[in-house]
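In this text the structure is predicted, and so the values were computed from the model without any measurement. A, B, ... follow the sequence lines: proteins, then strands. Residue 1 opens every chain.
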Number of protein chains: 2
Amino acid sequence: MGIRIKDVAKAANVSTATVSRAISGKPGVGVETTEKIKKIIAEMGYRPNMSARGLASQQTHNIGIVSPREGNTVLGNPFFTRIFEGISNVLDKNQYNMISSFTYQHQQYLVENHVVDGILLFAVREDDSLLVQLRESRIPTIIVGSYEEEDFPNVCPDDSGGIASAVQYLVSKGHKEIELVNGPKTAFKSRLCLEGYEQAMKAHSLDPHSIIEVPEYDSVASYNHFIQRINDASNLPTAIVCSSDYLAFGVMKAANEHGIRIPEDLSIIGFGDVPFSSFTNPTLTTMHTNLLKLGTTSAQMLISKINGSNLRKKKRLFQMDLVERQSVKELK
Amino acid sequence: MGIRIKDVAKAANVSTATVSRAISGKPGVGVETTEKIKKIIAEMGYRPNMSARGLASQQTHNIGIVSPREGNTVLGNPFFTRIFEGISNVLDKNQYNMISSFTYQHQQYLVENHVVDGILLFAVREDDSLLVQLRESRIPTIIVGSYEEEDFPNVCPDDSGGIASAVQYLVSKGHKEIELVNGPKTAFKSRLCLEGYEQAMKAHSLDPHSIIEVPEYDSVASYNHFIQRINDASNLPTAIVCSSDYLAFGVMKAANEHGIRIPEDLSIIGFGDVPFSSFTNPTLTTMHTNLLKLGTTSAQMLISKINGSNLRKKKRLFQMDLVERQSVKELK
DNA sequence: TTGTATGCGTTATCAT
DNA sequence: ATGATAACGCATACAA
């Protein structure tokens with residue numbers, strides 16, 4: 001095929017060992033020699049074969065970015081893609097490739113073959129079979145996003161605290177009837193959000209309102225469920241907390257179509273601060289966290305783990321902060 | 001380290017060659033033997049080493065998904081991520097990994113090493129240095145998304161035709177003053193959209209209005225530019241065509257803040273049919289194309305090219321269709 | 001249908 | 001500082 005390290009060595013009148021050392025920057029090779037070799041590499045257009053390198057060094061230099069959820073649930077969601085950005089940055093610095101895996105089929109392939117050095121697992125739910133396979137395997141894994149167990153290191157937003165802050169804010173604006181629009185209970189995130197909601201309500205001596213459980217973190221589903229909510233009962237609350245901006249978008253659309261004005265008739269607060277939140281009408285008040293940092297942190301943790309570190313902190317929680325916009329009205 | 005093909009062979013009382021054949025499903029292995037081997041593999045938890053396999057077979061089984069744009073420009077954009085879904089599906093079926101590359105640094109690494117068998121190049125612009133590197137390299141490459149040159153196979157939406165259809169639709173609704181909000185001219189897409197706009201206007205004997213060139217395909221930039229447009233001159237057109245839904249979102253927000261009602265005072269039509277288009281207020285009329293199919297097509301083309309096929313069709317154009325929603329009003 | 005032996009391109013060990 | 005050479009784990013051409 002192409003041109004090998006052997007060819008470079010021959011052209012430079014040195015051994016393959018020297019070339020290898022020069023490339024990897026390992027000590028034990030003269031400055032002059034190094035320069036000569038680099039020059040020849042450029043001239044000949046030599047491109048190291050990563051398979052061979054991987055075989056010899058017993059590393060793949062690949063990190064798996066995997067989510068058992070449907071591709072679009074993750075890929076189409078700025079919440080995750082923003083995290084990916086952070087990950088991408090530290091992976092690059094450490095010479096790792098990012099292998100995306102969003103289908104069941106590929107994930108099986110990943111678990112059944114030596115193709116990655118470690119895995120960053122996203123949007124996992126407790127009934128995901130991949131979770132048990134990963135536990136059995138010896139593949140270093142970090143779970144990114146809401147998680148409750150202690151078996152894997154985990155970095156995630158403080159869902160519970162975030163929702164509590166949202167409720168707290170609503171209360172400070174005079175609201176007492178506060179309802180939660182949540183995702184499916186199978187998601188760790190939903191359970192944590194529910195927890196935060198209930199605790200916060202209790203802390204303010206308020207009765208938890210009915211909770212709407214949308215089967216997916218999706219605007220369309222949320223829209224449908226909220227329309228049903230409007231039709232089923234007329235006693236709407238004065239405010240709604242959503243465990244995701246996407247859920248909020250659906251609620252806003254449903255409300256709008258039924259002549260329910262936001263925030264005049266109904267206050268609403270989102271969760272996640274997706275870019276689009278500033279482009280709804282009215283703009284959406286929501287909870288924000290540093291996703292980029294969350295991404296870099298998780299990647300760094302994984303790399304540490306791959307390198308044998310024992311990760312003193314198994315869990316990293318990212319605080320959520322309020323972003324005040326137009327969707328919440330002060331109750332007189 | 002782990003357990004190798006040799007160990008499996010020993011346990012099964014066969015040769016490594018037989019095990020190898022059994023795994024890859026190559027002909028020449030008895031049914032019984034195959035079953036025995038598969039069982040032992042499962043029992044022992046043997047995981048083939050992909051580096052070794054790649055080295056021996058001279059393939060990496062990796063496909064690079066690369067874009068010279070900032071990570072979020074691509075990742076945060078449903079337009080691209082929807083395409084990724086399609087790609088992901090056919091890559092899986094063909095046992096390929098998807099390596100994402102959204103930073104300059106990693107792309108250099110990709111070009112300077114044998115790490116992928118082929119590349120799917122996104123959102124490229126003519127001044128991207130990667131383009132010339134790729135031309136010099138022998139890496140099979142397909143360009144996905146708007147492109148004008150003939151040097152690489154290319155699959156993309158029919159930007160020019162799409163914009164023309166949008167203008168045509170506006171005209172059919174009685175509009176004569178139609179303005180284009182476009183992306184930066186450095187993007188192939190913008191140039192094609194401009195082309196479609198000018199042709200369509202001419203075809204209807206209409207004067208091309210002033211064109212707003214937003215320096216990035218971004219809602220915030222679009223918002224800022226349209227506010228300036230409103231302040232600079234008072235003669236707003238009756239309708240606006242945007243070359244991206246995101247651009248449209250910015251325009252809608254700016255209009256809304258200035259008391260310009262959509263569609264009563266100003267009709268607007270987007271481009272791309274991003275999921276969020278159905279959640280704006282009013283919902284956005286826009287141009288749609290089958291992104292999933294676009295993705296599968298490009299992946300299939302790349303695989304064909306990798307396998308030595310000579311791709312009879314160098315260019316694949318995807319038709320764009322109108323999705324009628326609420327942002328365009330009929331002029332009496 | 002199955003086994004033997006060699007090569008894939010690098011890294012790493014041990015010399016020098 | 002540099003060289004010779006043995007792994008690394010698998011696929012495959014050739015034999016049997």
**Q** Can you figure out which of D/dC10, C/dG9, D/dA11 approaches the side chain of B/P48 most closely?
**A** D/dC10

**Q** Ignoring backbone atoms, test whether B/T33 places a side-chain nitrogen or oxygen under 4.0 Å from the OP1 or OP2 oxygen of C/dT2.
**A** yes

**Q** For B/T18 and for A/A52, find the nucleotide of DNA chain C with the closest heavy atom, then tell me which residue's nucleotide is more 5'.
**A** B/T18

**Q** Please confirm whether the shortest side-chain N or O distance from A/K6 to OP1 or OP2 of C/dG9 is below 4.0 Å.
**A** no

**Q** Can we call the ring centroids of B/F84 and B/F122 under 6.0 Å apart?
**A** yes

**Q** By nearest atom, which of the nucleotides D/dA11, D/dT5, D/dG9 is closest to the A/T16 side chain?
**A** D/dT5

**Q** Among the nucleotides C/dA12, C/dG3, C/dC8, which one has an atom lying closest to any side-chain atom of B/S15?
**A** C/dG3

**Q** Given atom CG of A/N49 and atom P of C/dG7, what is their separation to the nearest angstrom?
**A** 17 Å

**Q** Where does the angle between the aromatic ring planes of B/F152 and B/Y147 fall among parallel (under 30°), tilted (30 to 60°) and perpendicular (over 60°)?
**A** tilted

**Q** Give the nucleotide from the list C/dC14, D/dC10, C/dA5 with an atom nearest to the side chain of A/R21.
**A** C/dC14

**Q** Distance check needed: D/dG9 C1' versus B/M50 CE, whole Å only.
**A** 12 Å

**Q** Between atom CG of B/D117 and atom CD1 of B/I303, what is the distance when rounded to the nearest 0.5 Å?
**A** 10.0 Å

**Q** Phosphate oxygens OP1/OP2 of D/dA11: is one of them under 4.0 Å from a side-chain N or O of B/S20?
**A** yes

**Q** Between atom CD1 in A/I3 and atom P in C/dT10, what is the gap in whole Å?
**A** 9 Å

**Q** Name the residue closer to the 5' end of DNA chain D, choosing between B/R47 and A/G28 according to the nucleotide with the nearest heavy atom.
**A** A/G28

**Q** How close or far is atom P of D/dG9 from atom CE of B/M44, stated in whole angstroms?
**A** 14 Å

**Q** Would you indicate what B/V19 reaches in the nucleic acid, counting non-hydrogen atoms under 4.0 angstrom: base, sugar-phosphate, or nothing?
**A** nothing

**Q** Quick one: B/K26 NZ to C/dT1 P, roughly how many Å, whole number?
**A** 15 Å

**Q** Find the distance between CE (A/M98) and CG (A/L91) and round it off to the nearest 0.5 Å.
**A** 7.0 Å

**Q** Starting from C1' on D/dC8, measure out to NE2 on A/H114 and report it in whole angstrom.
**A** 13 Å

**Q** With respect to the side chain of B/A56, which nucleotide from C/dT11, D/dC10, D/dA4 is positioned closest?
**A** D/dC10

**Q** Without decimals, in angstroms, what is the distance between B/I37 CD1 and D/dC10 P?
**A** 13 Å

**Q** For a quick check of understanding: with a heavy-atom distance under 4.0 Å over all strands, which category does A/D7 fall into, base, sugar-phosphate or nothing?
**A** nothing

**Q** Can you figure out which of C/dT11, D/dG9, D/dG3 approaches the side chain of A/R53 most closely?
**A** C/dT11

**Q** Atom OH of B/Y46 and atom C1' of D/dG9: how far apart are they, to the nearest Å?
**A** 7 Å

**Q** To the nearest 0.5 Å, what is the distance between OG on A/S101 and CG on A/L120?
**A** 12.5 Å

**Q** Between A/Q58 and D/dG9, is there a side-chain N or O to OP1/OP2 distance below 4.0 Å?
**A** yes

**Q** Taking the side chain as everything from C-beta on, heavy atoms only, tell me whether B/V144 gets closer than 4.5 Å to B/L294.
**A** yes

**Q** Of the options C/dT2, D/dC8, D/dC10, whose atoms approach the side-chain atoms of A/L55 most closely?
**A** D/dC8

